[in-house]
Every structure is written in C-alpha cells, then in structure tokens.
Amino acid sequence: MSSAKPFKVLVFSRTVAYRHDSIPASIKALEDLAATSSTTAHPFVTTATEDPTIFTRSSLSQFRVIILLQCSGEFLDSSQLEALKGFVHSGGGVVGIHCASFGMESSEWYGRLIGGVFTDHPEPQMAKIRPVINNMDHPLLAGILKRPQDKAEGKKNMFGVTTDKEWVWDWFDEYYNFKMNPWDNPHLQILLEVNEETYTGGTHGDRHPLAWAQEFEGGRSFYNSLGHFDEAYLEDPGFMAFIHKAILWTARLDA
C-alpha cells in the first residue's frame, strides 16, 4: 500500500439525452483503476454518482478531479454549472470521456472546457489512429503501451503501437465530428489523431483530432472522444492507462 493519502475523483455519468450502454463497464473500470492505484505513488479513490446536486462549491471542494463520463444533454442547471466553473477556477481537473462533448450545448464555456462540441458521427468502424508525433513528449503520451504485431487484428487490446518504429494502430470506435475543428483551437494540445482516409464519414481532414489536453482558466482539462464500447474499458489495459495518465495530469501529479 502507498503511504500517500488518496486524492478523490468524482465520476459523474448523468445523461439527459443519449445514454451509452458502456457506462456501467466504464465505471467498473475506473473503480478497478482506483483500487490498483493504492500501491502507486499517487493513489486515488472514486465516487460515482448521477445526482447533479453534488455540484455545489462545498461538495466539489473535496475532489481533485471530476470525470465527466459519457454525460449528455443539459445535465447541469445554471447553479450547478457555476459550481463546476468554481471548481476549475480553483485549480481542479476535468476529464471528459466520449459523449461528454455532447453535453451542455447551451453553455459556450462548457464547450471551451471540453475543447470541442459534438455534431455527429458515422457508423462505428475500424480506422488507423496514432499519437501526434510532435507532442510525444507530453506526459499523457509518455510510455504509451506498445503491443506485439500479432495483436493487430480485431477490436481487443488495440491501444498501442504495432511496432517500435510505426506509431500507428487499428481501432474500432465511433469517430466524432465537431462543430469547430479542434486543431483550430490554439489552446489545445492534440494528442491523438485518426487518418480520415482509413474510414468514412469524417469532416476534419486527414489529421482528424481524437484526444487533447489544455490548461484552462486555472485548472486543467483532458478530453478523449474514443470509448463507445465496453471492450475499451474492460479489455484494453492501454486505453485505461491513457485515462489513468489523464487523471494524474489533470490533478497536477504528472511530474
């Protein structure tokens, strides 16, 4: 067991619009991640809820990171959104996963916090994704899982590189399009991208952004548009390692 005191992470998965079937799997995976963190230098514990009344300044002050897990629609009222703003302005970290970009369309601030506003997506399909090479020194990409060449087929265990020399791998998911191309936001550090020539239905060009991070109004935010299916959370250690890095980075424990 680590001698460090665990920090607290709020896992919030309220949906008012579309609801993903993978929410229970992703909550379990995050709980498992917290359990295994007990032996690391930065242990954490999770509180999972869909009750929006937790969004008050006093309630949120106990948490270091909030994970907006597949939230959709207008999942916070105006006072709850103000509490989220206060949390960020006080240095809190926010991790948005997949459908989080489909939440709070009424709030321009929330769109900037997430870094993108969802518009649509084609049918789930296999495509070739890769880390953004000129951001490979970012803490979120350091030590990204490498997988053997013989794991290159199918949907499972796909989050990693095919070889030491080729930073490209196959991934089966929904590929989100956004109202504005995240590449046009100078505040974002784009971390993952997909080549639109390897699937159909993309609208952002051959370097379609998938995940990014930013310093934002006193806090930090991270968003990963991938994660539609249970397999990403329950069967892919590399995917969850990426989420773990995001939790630590937004908590400012990446050093």
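Worth saying up front: this structure is predicted, and the values here are computed from it rather than measured. Counting from 1, the numbers follow the sequence of the chain as shown.
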If you look at every heavy atom in V132 and L192, which pair is closest and at what distance? CG2-N, 4.0 Å
Show the numbers, then the answer: is there a side-chain contact (heavy atoms from CB on, under 4.5 Å) between T47 and F63? CA-CA 9 Å; T47 298; F63 299 104; 3.9 Å; yes
Going through the checks in order, is the side-chain contact (heavy atoms from CB on, under 4.5 Å) test met by M240 and L234? CA-CA 8 Å; M240 290 308 299; L234 298 181; over 6 Å; no
What distance do E50 atom CD and R19 atom CZ have between them, rounded to the nearest 0.5 Å? 4.0 Å
Rounded distance (nearest 0.5 Å) linking atom CG of D170 with atom CZ of F172: 12.0 Å
Rounded to the nearest 0.5 Å, how far does CG of L248 lie from OG1 of T40? 7.0 Å
Evaluate the ring-ring contact (aromatic ring centres under 6.0 Å, His included) criterion for residues Y18 and F102: first the C-alpha distance (whole Å), next the side-chain angles of each, then the deciding distance (0.1 Å), finally the verdict. CA-CA 9 Å; Y18 183 83; F102 186 44; 7.8 Å; no
Can you find a heavy atom in the side chain of E105 that is under 4.5 Å from one in the side chain of E74? yes
Taking only residues two or more places apart in sequence or in another chain, which ones pass side-chain contact (heavy atoms from CB on, under 4.5 Å) with H121? F118, E174, Y176
Which distance, rounded to the nearest 0.5 Å, do you find between the OH of Y233 and the OG of S26? 5.0 Å
Any side-chain heavy-atom pair of D77 and P52 under 4.5 Å: no
Smallest separation among heavy atoms of I243 and I97, with atom names: CD1-CD1, 4.1 Å
How far apart are the C-alpha atoms of Q214 and H187, what are their side-chain angles, what is the distance that settles it, and do they pass the side chain to side chain donor-acceptor pair (under 3.5 Å) test? CA-CA 6 Å; Q214 63 174 327; H187 303 293; 5.9 Å; no
Could you tell me if T53 and D51 have a donor-acceptor pair between their side chains, going purely by distance under 3.5 Å? yes
Any idea which heavy atoms bring L188 and W212 closest together, and the distance? CD2-CD1, 3.7 Å
Evaluate the ring planes of F75 and Y110, with Trp represented by its six-membered ring, and classify them as parallel (under 30°), tilted (30 to 60°) or perpendicular (over 60°). perpendicular
Please test M104 against L113 for side-chain contact (heavy atoms from CB on, under 4.5 Å), starting from the C-alpha separation and ending with a verdict. CA-CA 11 Å; M104 302 303 298; L113 169 70; over 6 Å; no
Can you tell me how far CD of Q189 sits from CD of E215, rounded to the nearest 0.5 angstrom? 8.0 Å
Closest heavy-atom contact between R207 and E193? NE-OE1, 2.8 Å
Rounded to the nearest 0.5 Å, the CG atom of N177 sits from the CG atom of D120 at a distance of 4.5 Å
Take T119 and T203, measure what side-chain contact (heavy atoms from CB on, under 4.5 Å) needs, and give me the verdict at the end. CA-CA 10 Å; T119 57; T203 63; 5.6 Å; no
Identify every side-chain donor-acceptor pair in residues 54-61 under 3.5 Å, counting partners at least two apart or on other chains, and give the distances.
{"residue": "T56", "atom": "OG1", "partner": "S58", "partner atom": "OG", "Å": "3.4"}
{"residue": "T56", "atom": "OG1", "partner": "S59", "partner atom": "N", "Å": "3.1"}
{"residue": "T56", "atom": "OG1", "partner": "S59", "partner atom": "OG", "Å": "3.1"}
{"residue": "S61", "atom": "OG", "partner": "S58", "partner atom": "O", "Å": "2.6"}

With a 4.5 Å heavy-atom cut-off, do L30 and I247 have their side chains touching? yes
Check whether any side-chain heavy atom of I114 sits under 4.5 Å from a side-chain heavy atom of L68, and report yes or no. yes
H244 and F44: ring-ring contact (aromatic ring centres under 6.0 Å, His included), yes or no, with the steps? CA-CA 10 Å; H244 190 187; F44 67 93; 5.8 Å; yes
Crowded around K8 NZ? As in, over 12 foreign heavy atoms under 6.0 Å? no
Count I, L, V, M, F, W, Y as connected when their side-chain heavy atoms are under 4.5 Å apart, and connections chain through other members. Are V95 and L141 then in the same cluster? yes
Answer whether the closest heavy-atom distance between the side chains of T49 and F12 falls below 4.5 Å. yes
With the side chain counted from C-beta on, respond yes when F222 and F242 share a heavy-atom pair under 4.5 Å apart, and no when they do not. yes
In this structure, are over 12 heavy atoms from other groups packed under 6.0 Å from Q62 atom CD? yes
Provide the closest heavy-atom pair for I27 versus A48 in the form atom of the first, atom of the second, distance. CG2-CB, 4.0 Å
Is any side-chain N of the basic residue among E31 and K28 closer than 4.0 Å to the acidic one's carboxylate O? no
Which heavy atom in D230 sits nearest to a heavy atom in S22, and how many Å separate them? OD1-CA, 3.0 Å
May I ask you to check whether F239 and W171 place their ring centers less than 6.0 Å from one another? yes
Stepwise ring-ring contact (aromatic ring centres under 6.0 Å, His included) test for W183 and F178: CA-CA 11 Å; W183 277 113; F178 302 96; over 10 Å; no
Y223 and S101: side chain donor to acceptor below 3.5 Å: yes
